Structure formats: C-alpha cells, structure tokens
Amino acid sequence: MRRITPVRGAIGGEGREAGTSLSQLSARPWDVIVIGGGNAALVAALSAADKGANVLLLERAPEVFRGGNTRHTRNVRCVHDGTDEHVTGSYLFDELWQDLCAIGDGPSNEKLATITVRESELLPRWMSAHGVHWQPALRGTLQLTRTNRFFLGGGKALVNTYYRTAATRAVTIAYDATVEDLLVTGERCTGVLVTQSGTSAELRTGAVVCASGGFEANVPWLREYWGAAAENYIVRGARYNDGLVLSALYRHGAAKAGQERGFHAIAVDARSPRYDGGIATRLDTIPFSIVVNRDARRFDDEGEDLWPKRYATWGHKIALQADQIAYSIWDAKVDHLFLPPLYPPLVGDSVSSLALHLGIDPVALQTTTAAYNASISDGGRFDTSGLDDCSTRGLTPPKSHWALKIDQPPFYGVPLRPGITFTYLGVAVDESARVLRTDDSRFENIFAAGEIMSGNILSSGYLAGFGLTIGGVWGRIAGEEATRAAL
Amino acid sequence: MPLSDELADEARRQFTICNACRYCEGYCPVFVALERSPVWSNDRIEHLAHLCHDCRGCYYACMYAPPHAFAVNIPQLFQEVRLLRYEGAPGGIRRSGGAAHPPERPTGTETGRSPVEVAVRSGRRAARRAIGTTALTYLVVGALVTVVAGAVRGLGAVWQVRHGATSPYAIIPDGALVAVSLAIALFAVVAVALRARRAWRATATVALGARRREILRAALADAAALRQLHGGGPGCHAERDVVGRGRKRLHGFVSVGFSLCLASTISAAVEQDVAGVLPPYPLASPPVVLGLVGGVLLAAGCIGLSYTKLRADRAPASSAMLVRDYGLLASLGFIALSGLGTFAARTSAGYGVALLIHLAAVLSLFALAPFSKLTHAVYRTIALVVENAEVAAEQAGTLGPPPAEAEPIRTTLSTS
C-alpha cells in the first residue's frame with residue numbers, strides 16, 4: 001500500500017512536511033503559485049512541477065470540500081481514434097469541432113478553441129500518467145460512450161488522485177487559503193496576498209496561474225447583470241467560487257472574455273440546496289413532460305431535440321421566466337421513463353389538485369393541459385430512443401417530439417430553478433495562456449486556466465465534459481508556460 | 001435482530017441519492033444492482049449490504065459524504081446493516097416498499113438522534129453483549145474440556161512431564177475429544193446452514209436454472225478472489241490516500257491460513273482413521289506441515305489486519321463492527337498462536353495446559369461461529385450468487401422487469 005502522510009493545512013511535496021502557517025509559506029519565493037484547487041489548478045501545478053518548478057497551490061476551500069466544481073464532474077471529452085477500451089469508437093478533430101460550433105454561439109476565439117480541441121487528444125494519456133483511473137466497461141448496465149471518457153468514481157476521485165500525486169511531487173498545498181489580491185507592478189506579478197484563518201501574508205512568486213473558477217457563487221456580482229433574479233439561482237457547485245481573483249485581475253487591467261450574462265445552467269429541482277447539490281439535483285423529466293411557468297403557461301418546446309443535446313439550455317430558459325421558476329408536469333403513463341428524481345415529485349389525482357400542491361393557479365394549469373392535450377392526435381409512434389413523430393399540432397410553442405396527452409392520473413410535478421454550473425465571463429488569454437490586458441499588452445507572468453478563462457473558448461451553451469477538457473488543456477499550457485516564465 | 005425500519009429508511013434515503021448520481025458504478029456491482037431494481041425492500045437492502053466488500057472507494061469519491069448535508073456514507077451504513085444480520089435475526093424481516101425520501105439527512109428521530117446514530121448506539125450495547133457472550137463461552141468451553149480431560153485421565157496427566165513428543169490423547173482421550181468437537185461442529189454447521197437458507201430465500205431474486213453451475217462457479221471465483229475489493233482497479237482504501245491491495249492480501253493470509261489449519265485437522269483424522277497412524281506426527285507429516293504453515297499465515301494475517309484497522313480512517317466505519325472485527329481477529333490470532341505454542345511445547349511439561357487452551361479456543365470459535373462475524377463469508381457468497389444470477393438473467397433477457405413497467409431510460413451522463 002502506498003501511504004502518503006497528510007498534513008493539516010498544508011501538504012509538503014516530496015515527502016517534506018511544510019508548515020501550516022502562512023509565515024512559513026512566505027519564507028521563500030515560489031517558482032509558481034497556482035490559485036485554485038480544481039482540475040485546471042491541479043493540472044497546472046503538476047505540469048509546472050514536472051517541468052522542475054517549485055509549486056505552491058492555494059486552495060480556497062477547506063480540505064473536505066477541496067476541488068472546486070471538479071468535485072461534481074464525471075467525464076472528459078477528448079479527440080481520439082477509438083483504439084482504447086474506455087471509449088466505444090473514434091471521435092476525431094472535425095467532429096468535436098463541429099459539435100463545438102453547433103452549441104450556443106459557437107467558439108468565441110477560433111484560434112484558442114482549435115488549440116483546445118487539438119490538445120485534447122493528448123490529455124487522457126497525461127491524466128493516466130498522473131494516476132487517474134478510468135471507468136472500465138463493466139458487466140451489467142454500465143455504458144461507455146464514444147465522445148466522453150469516464151474517470152473512475154467521478155470528479156472527487158479524480159481530484160483525490162491529483163492531490164495524492166501532487167504530494168509525491170514538488171507541489172505544496174495550502175487549504176483555506178483565500179487569495180485577496182495579486183501584487184502587480186506594471187506587467188509583472190511579484191506575489192499574491194493570501195488570508196488564512198484570520199492572518200494575511202504576501203507570498204512571493206516567479207509566476208502565477210489563476211485557476212480559481214468563475215463567480216457563480218457571488219450573488220451580488222450576479223445581481224449586477226441579472227438583477228434580483230440572481231437571488232433565485234441555485235449554484236450546483238462550490239460555494240467558494242466568488243470570483244475574488246477574477247475581480248483582482250480586472251482591477252489590475254486584465255481584459256475580459258465572455259459575456260456578462262454567460263453561464264452554463266441546467267434545470268434543477270427548486271428544492272435543491274443553495275450550493276453544492278451537484279449532479280443529483282438535475283432533472284431529466286422535461287422531454288416527458290410539459291414545462292409551465294409561474295402563471296401555469298408553457299414557454300418553450302420541451303421536445304425540441306434529444307435531451308442530451310438540449311438539457312443544457314433549460315437553466316437559461318427558466319432564468320428568463322418570471323420569478324425564475326418553472327414546473328415540469330407529467331402523468332402516470334410516462335412516470336418511470338426517466339431517472340427517478342432526487343426529491344419526490346408532488347402528486348395529484350387531478351391536474352388542478354397537482355397545481356394546488358405546486359402552488360400555481362389550478363384553472364390556468366387546466367387550461368394549459370387541455371390546450372396541449374387537444375393539440376395531440378392519437379396514434380403517433382412514441383419512441384424515447386430517438387426523435388419520434390409524437391408532436392403537437394397548431395400549438396404555440398410546440399412540443400415537437402414525445403408529446404403524449406397528460407390524461408392518466410396520478411399527475412406528477414416538480415418545481416424547477418436554474419442551476420448554475422459556472423459563469424463564462426473571465427479573462428482573455430493568448431495561446432500561451434497569458435492573461436491579456438485591456439491596453440492590448442499582456443502580463444509577463446500571469447496565466448489563467450479553466451473556468452476563469454473558458455469564455456475564450458465558449459461564451460454560451462455547453463458540451464458535456466468539455467469543461468474538464470478546457471481545464472486540462474489550458475492547465476497544462478499554463479503550468480508549463482508559467483514555469484518557463486519563472487525559471 | 002431484524003433490520004430496523006429506521007435504518008432501512010436511512011438506507012433508502014441514501015440509495016435515492018446514489019440512484020440519482022450513479023458516479024460509483026465503476027467501483028463494484030453494488031451500485032449497478034442498486035439501480036437494477038430501484039425499489040428497495042429491507043431484504044434488498046440486506047443483499048446490497050452483504051454484496052459490499054467494504055473497499056470504501058465510493059466513500060472517498062462521494063461529493064455528498066459528510067459534512068455535506070446529504071451525508072452519504074454507504075460503507076458505514078452497510079456495516080451497520082450487516083452487523084444486525086451477523087448477530088442473529090430471529091423471525092422475519094418487516095417489509096416496506098421504496099417510499100420516496102428527501103435527500104437531506106434527517107436531523108433526528110423522536111429521541112433526537114439520526115438513524116445511524118441510533119444504530120451506532122444500539123450497536124455499542126450489542127458490542128458489550130457480544131464481548132460478554134464471547135468471554136462466557138470461552139470460560140464454559142474451557143471448563144468443559146478441562147473437566148472432560150480431568151475426569152478421564154486425571155488432572156495429573158495434564159501436568160505430567162514426558163520425554164519426546166506427546167500425543168494429545170495422553171491428555172484428553174480420543175473418544176471424548178471427538179464427541180465434544182463433533183457436537184459443537186455439528187451445531188455450528190446446522191445453525192449456519194439454517195441461517196444461510198434463510199438469507200438465500202430472503203434475497204434471491206431469480207432461480208439459478210440451467211446456468212446454475214456457471215453462476216455458482218462465477219460467484220465462488222468472485223468470493224475467492226475478493227474481486228469486489230479491487231475497487232474497480234486501484235484497490236481498497238484504508239484511508240483516503242492509502243489505496244492498494246494490502247488489505248486484500250492480509251485477508252488472504254487469514255483465509256488461506258484458516259483453511260490450512262482446517263486441512264491439518266482433517267489430514268490428522270485421515271492419518272488416524274484411514275492410515276491408522278496415531279499422533280504425535282513427525283515434522284514432515286501433512287498435519288504438522290499444514291498446521292505450521294497455516295498457523296503462521298493466520299497469525300501474520302490477524303496481526304497485519306489488526307494493525308491496518310488501528311490506523312484506518314474511522315469515518316466510513318461503524319465502531320460496533322470494528323469491535324467485532326477486532327474480536328474475530330483476536331480469536332483467530334489466539335487460535336493460531338496457541339496452536340503454534342502447543343506444537344512448540346509438545347516435548348515439555350506445559351504441553352497439556354497449552355493443548356487444553358488451544359482446544360478451548362478452537363471449540364469456542366465454532367460454538368460462536370453462527371452468530372459471529374465469521375458468517376460474513378457465507379452471507380457474502382450468497383450475495384455474490386444472487387448478483388451473478390441477476391447478471392446471467394439480465395444477459396439472457398429473462399430478468400423480470402423491476403416494479404416499474406419499463407426500463408428507465410439511461411440518460412446520457414452529462415456533467416459540469
């Protein structure tokens with residue numbers, strides 16, 4: 001058995017036990033400081049250490065919640081020729097590129113997006129070399145996919161693996177370490193200002209990698225762009241992603257990338273915890289149901305396309321509705337056709353009694369379901385495995401597929417809220433992951449990787465598993481370039 | 001003691017979260033089986049608990065593990081469930097269906113404690129009872145063999161100094177030893193068999209059918225290889241950052257050592273009753289070689305596993321189960337060491353006492369076996385047979401539809 005000695009507060013690389021206090025961490029200059037504790041940060045730290053840098057990784061969260069949004073991920077989307085056992089067929093550059101172009105507004109910066117797709121091919125091997133285990137194709141129901149590769153146990157296991165590997169390399173880890181500011185002189189960063197359990201210190205460094213995620217957990221910041229609606233968003237990931245480092249970068253003149261209101265959000269159960277609910281709070285009921293807003297009116301096409309292609313659009317759709325709430329409603333016919341929701345659905349013997357349970361107008365909901373039912377003619381071929389021909393006729397908005405009458409009691413419903421995974425607004429970078437400045441110059445030794453710069457690649461919409469790809473590819477680039485800048 | 005409804009409800013609460021997440025499918029068949037029929041009766045919960053081999057991969061991978069509000073801790077939950085079965089469950093298990101449960105941990109029961117806390121506390125009481133019962137059994141069985149030996153040969157024979165290796169029959173006569181041992185062994189075998197039958201009837205979901213042989217072979221291979229301890233590849237955890245095959249190897253020392261000791265006893269019976277060769281046996285004979293190798297392996301395994309447990313992370317563990325673990329390891333380790341000691345003392349005056357102590361330890365282990373953690377081997381094997389049968393039925397397309405009318409659609413697993 002391999003034993004790694006865990007040290008509270010900080011873990012010393014190469015078997016050394018670094019002190020837990022900030023004064024010890026500030027005793028000497030670091031080659032590279034990595035801000036963040038998720039996938040992009042860990043990949044950057046490991047890449048820098050591989051190139052010979054002495055690295056300090058500053059994780060904002062306490063050790064038990066380390067890993068940022070990576071905790072909730074489960075797979076990574078990479079280009080590959082299909083010759084290994086963890087995917088089911090090839091997925092080449094052109095296809096991933098087309099998939100990227102098909103979502104939202106497509107790639108924000110074609111050059112950087114091209115690098116991401118191209119370099120993704122090297123990522124799985126790098127991950128394996130740094131201890132990552134992949135999910136085997138097991139007997140039973142487990143299915144591997146062609147486009148995405150699953151790491152064993154999901155994101156928290158991935159993060160644990162990287163931290164374990166980091167403990168054997170020249171990477172020192174500090175938890176509960178909040179970076180309040182970067183110390184910047186002209187185009188050069190000389191260190192960071194860190195607070196840990198009430199005390200602050202300036203840590204000196206040769207280069208810094210900002211991999212601290214977005215600002216989705218910062219409600220006042222979201223309010224600037226979304227108004228009071230931001231109060232109703234559920235944050236699926238880390239409660240620590242308040243964008244402190246991002247705002248520090250802006251103060252020092254970093255250029256923006258991505259849109260202010262750009263985020264990846266899906267429909268989650270409105271009863272989910274405010275933070276950190278992750279994958280389990282997601283709902284897959286929408287294509288089998290109708291979705292109504294606060295006024296019990298439908299507002300979008302629930303059967304527009306295959307759910308995996310559309311699940312990522314519903315967070316945004318609900319965010320634009322009054323009070324940022326919606327209700328997914330189905331009947332006994334289709335219950336059990338989807339993964340059972342985490343929270344039990346509300347049940348009614350009639351549509352109006354369900355409406356009362358959900359707290360919406362029963363008459364309005366009855367009117368909506370009656371109009372919906374009247375627009376469906378019997379006899380369509382219902383097929384959940386593909387685009388079927390069960391659609392509404394003359395209804396606005398339509399339900400293009402899987403439209404079955406809602407007429408068989410009991411009736412079920414769940415309340416939905418936008419569940420934000422991450423924000424796209426970040427800093428602009430060049431192809432070496434260097435952060436650009438608003439005056440068209442660039443910082444000499446400030447780099448960015450992961451969600452904090454994902455707006456360079458995408459600014460709306462989402463492709464499952466691609467966040468991990470961005471973090472992995474740009475973590476490697478940032479870690480290696482930071483080492484080059486520092487040594 | 002049957003699985004309490006509180007603990008069963010807690011299991012259903014945690015399963016609901018697992019079933020909505022499904023990240024742990026790669027670790028072991030528990031999660032796939034859990035998804036196979038997402039209505040979890042108390043019997044089903046028990047089956048899943050025994051199918052779990054406690055590799056703990058899921059605990060360290062779980063973003064909902066404490067201190068998260070969802071408080072998912074499957075290894076600890078399953079240890080509590082298994083323990084109730086080991087300690088004996090008279091009567092039937094109350095059945096309840098898969099009611100829907102809110103995912104947050106219930107803050108407390110009527111007594112203000114969470115179901116797991118209640119289980120832990122009642123587990124502590126049961127642990128104290130188990131320690132008392134064990135001690136009493138050792139005393140009674142020890143007294144019994146001493147009385148038998150003394151009544152027949154006289155206690156003087158126990159202390160008699162001899163030259164050369166001594167036959168055990170100089171201390172306790174053949175017939176008396178066989179009678180006492182067979183009575184206890186018969187009791188143990190019948191009691192374990194009855195409990196195994198009950199467990200099979202309660203948890204089997206499909207008939208073995210024509211593929212019986214294939215299913216049993218696969219299940220026994222899984223059991224012998226402790227395949228579920230591989231944790232999907234990296235091995236099992238002692239701590240978050242201590243992963244590997246260490247626990248599995250040490251467990252192998254114990255089970256192989258224990259089997260060799262059994263084989264030594266059986267080979268001695270064969271020497272005596274078939275070949276007509278009476279003890280003491282020479283160093284190069286099967287009973288001595290098997291016993292020595294087995295004893296050393298068993299002792300090493302028990303010491304190693306105890307050391308691992310002492311250093312292990314307590315968070316995914318049940319303290320009540322830990323008491324039983326140490327108890328069983330101490331019993332087996334003591335049997336190994338007392339056996340080796342008896343062998344070492346066979347030319348000395350201490351032989352008689354050493355032999356009686358060793359005999360008392362072995363017979364006590366078997367007397368307690370049906371209600372001890374030793375039965376985990378039986379319940380796990382049954383769970384593996386059930387699992388292999390379900391997989392076979394699934395492959396053949398004959399696995400009956402779960403309570404839902406149709407298979408749930410496996411939505412593409414999308415994240416972040």
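Order of the sequence lines sets the chain letters (A, B, ...), proteins ahead of strands, with each chain counted from 1. Note that the coordinates shown come from a computational prediction; the quantities given were computed from them, not determined experimentally.
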> Is it true that a side-chain atom of A/R282 and a backbone atom of B/A20 form a donor plus acceptor pair closer than 3.5 Å?
Replying inline: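 A pair under 3.5 Å: yes.
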> Based on non-hydrogen pairs under 4.5 Å, which of A/G67, A/A157, A/A312, A/G155 is most in contact with chain B?
Replying inline: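 The answer is A/A157.
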>> For A/F338 and A/W330, take the angle between the two ring planes, folded into 0 to 90°, and tell me which bin it lands in: parallel under 30, tilted 30 to 60, perpendicular over 60.
In response: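 Perpendicular, since the angle between the ring planes exceeds 60°.
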> Between B/F31 and chain A, which part of the residue has a heavy atom less than 4.5 Å away: side chain, backbone, both or neither?
Replying inline: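 Neither part.
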>> Quick check on B/C62 against chain A: is it the side chain, the backbone, both or neither that has a heavy atom closer than 4.5 Å?
In response: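 For B/C62, backbone heavy atoms alone lie under 4.5 Å from chain A.
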> Listed by chain and number, what are the side chain to side chain donor-acceptor pair (under 3.5 Å) partners of B/D325, not counting sequence neighbours?
Replying inline: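 B/K309, B/K373.
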>> My understanding is that only residues two or more places apart in sequence, or in another chain, count here; which of them pass side chain to side chain donor-acceptor pair (under 3.5 Å) with A/D269?
In response: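 If we apply the side chain to side chain donor-acceptor pair (under 3.5 Å) test to A/D269, skipping adjacent residues, the hits are A/R271.
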>> So for A/F151, is it side chain, backbone, both, or neither that comes closer than 4.5 Å to the heavy atoms of chain B?
In response: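 Looking at A/F151, nothing touches chain B.
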